[in-house]
Amino acid sequence: MFYCRSNKPARIIINLDLIRLRAYSCAVMKRLLLLISALCAMVLISSCSAPRGTADGPVVLDIGHYIGMGGATSPRAVNGKRLQEVSWWYQYAYYTKKVIEDAGYKVYVVNRGNAPAGGPLAAWARRAGVRHLGKPDGGRRYPSEYFPDRVASGIASADYAIYRRASCAVFLHHNSTRGWKRRGGSNSLIICNKHNGGRLASCLAATLNSQVLNNTMPNGGINCRVEVRSVDAGRSAGWMNACDDAGIPAAVVEAAFLNNAAHVRYLSNEANARYYAEAVGRGVVNYLRTLGREPRRYREDTDKPDRGSFGYAAESRRLHVPGAAHLW
């Protein structure tokens with residue numbers, strides 16, 4: 001008898017093996033795709049790890065310099081007072097803060113140094129709610145925690161603004177040159193960062209021009225101007241660039257000169273001093289209300305040194321950054 005042997009069972013087994021192989025391959029592919037996605041996410045997170053400033057963030061006011069390194073000082077007393085940059089702003093930063101808070105915005109006042117031990121400075125610090133970062137730098141430059149190629153004295157205050165995701169950061173200073181300026185005015189200025197600070201600086205300058213300079217405070221007809229600083233080797237640019245990288249508009253107020261006798265006479269008067277500090281606050285409010293929601297520029301790669309950076313000495317020298325040869 002002749003029998004025809006069927007190969008169907010073998011075909012079924014082969015088909016089942018193919019199905020299992022395809023299922024295994026799909027599972028492997030899914031795992032591979034998940035791994036690739038995770039790696040891409042890690043790269044993305046690492047390149048954007050720094051907090052970013054937002055329009056809804058708080059305003060950070062930094063009292064420039066610190067106890068023991070007080071900044072500009074008037075060459076002699078006027079109206080019985082010899083003004084010093086840091087102590088003046090300890091006394092009057094409260095009024096700048098209050099104007100901004102009264103407009104509905106959150107404000108932090110900071111100083112990179114240690115808290116005053118006592119006396120009027122301690123009382124003024126408590127009134128303004130100054131947060132002392134305890135990082136006096138003695139004039140040396142240190143890297144940012146978020147953008148390590150950004151190195152500056154005063155970087156701690158910039159890092160605080162980044163940590164708070166600030167809507168803007170304003171560094172409260174006065175200026176000075178050698179000797180008294182007996183005639184004319186001083187070249188008052190607002191310094192700002194390159195990509196995000198122009199609008200903030202313009203609002204501050206416009207407010208000081210319309211309300212203070214050559215209005216209540218004599219300045220020989222010279223208006224406050226805006227100066228952009230974008231190379232870290234320039235004074236103050238390092239900390240402003242760190243803010244710029246995080247999309248935070250930053251400006252340094254350098255409108256009053258403590259070697260200008262007319263400016264010192266004005267600032268030594270209690271009512272005038274309050275008005276000046278409040279005008280700075282009004283300039284910040286003007287910016288927040290009119291231009292604070294304009295698009296911001298963020299630095300995407302935090303690990304690659306920026307062309308203007310002052311941080312990595314060898315890299316800065318390779319890129320021929322001015323001043324890099326003098327790094328320590």
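If you're wondering where the values come from, they're calculated on a predicted model, not measured in any experiment.
Counting heavy atoms from C-beta outward, C243 and N196 have side chains that stay 4.5 Å or more apart. Looking at L200 and C192, their side chains never come closer than 4.5 Å, going by heavy atoms from C-beta outward. Within the 4.5 Å cutoff, the side chain of N175 has no heavy atoms near those of the S186 side chain. At a threshold of 4.5 Å between non-hydrogen side-chain atoms, the residues Q91 and E270 count as touching.
Among residue pairs with one or both ends in residues 130-139, those qualifying as side chain to side chain donor-acceptor pair (under 3.5 Å) are Y90-H132, R112-D137, K135-E145; sequence neighbours excluded. Listed by first and then second residue, the ring-ring contact (aromatic ring centres under 6.0 Å, His included) pairs involving residues 235-275 are F171-W239 (not counting sequence neighbours). Sorted by first and then second residue, the side chain to side chain donor-acceptor pair (under 3.5 Å) pairs involving residues 205-215 (not counting sequence neighbours) are Q211-R282.
Residue S167 comes nearest to V59 through the heavy atom pair OG-CG2, 3.7 Å, listed as atom of the first residue, atom of the second, then distance. Residues S230 and N241 approach most closely at O-ND2, 3.2 Å, considering heavy atoms. Of all heavy-atom pairs between I190 and V253, the closest is CD1-CA, 3.9 Å.
Considering only residues two or more places apart in sequence or on other chains, R225 meets the salt bridge (Lys or Arg N to Asp or Glu O under 4.0 Å) condition with E227.
When hydrophobic clusters are built by joining Ile, Leu, Val, Met, Phe, Trp and Tyr residues whose side-chain heavy atoms come closer than 4.5 Å, directly or via intermediates, Y66 is not grouped with L172. Using a 4.5 Å cut-off between side-chain heavy atoms of Ile, Leu, Val, Met, Phe, Trp and Tyr, with links allowed through other members, V252 and Y287 fall into different hydrophobic clusters.
The other residues sharing a hydrophobic cluster with F147 are V60, Y108, V110, L133, Y146, Y160, I162, Y163, I248, where clustering joins ILVMFWY side chains under 4.5 Å apart.
To the nearest 0.5 Å, atom OG1 of residue T54 and atom CZ of residue R164 are 12.5 Å apart. In this structure, the separation between CG on L61 and NZ on K97 is 8.5 Å, given to the nearest 0.5 Å.
No salt bridge links D245 with K194; every basic N to acidic carboxylate O contact stays at or beyond 4.0 Å. The pair E254-R229 does not count as a salt bridge, with every side-chain nitrogen at least 4.0 angstrom from each carboxylate oxygen.
For H173 and W89, the ring centers sit 6.0 Å or farther from each other.
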Give every donor-acceptor pair under 3.5 Å between a side-chain atom in residues 67-76 and any protein atom, sequence neighbours left out.
| from | atom 1 | to | atom 2 | distance (Å) |
| --- | --- | --- | --- | --- |
| S74 | OG | R76 | O | 3.3 |
| S74 | OG | L83 | N | 2.9 |

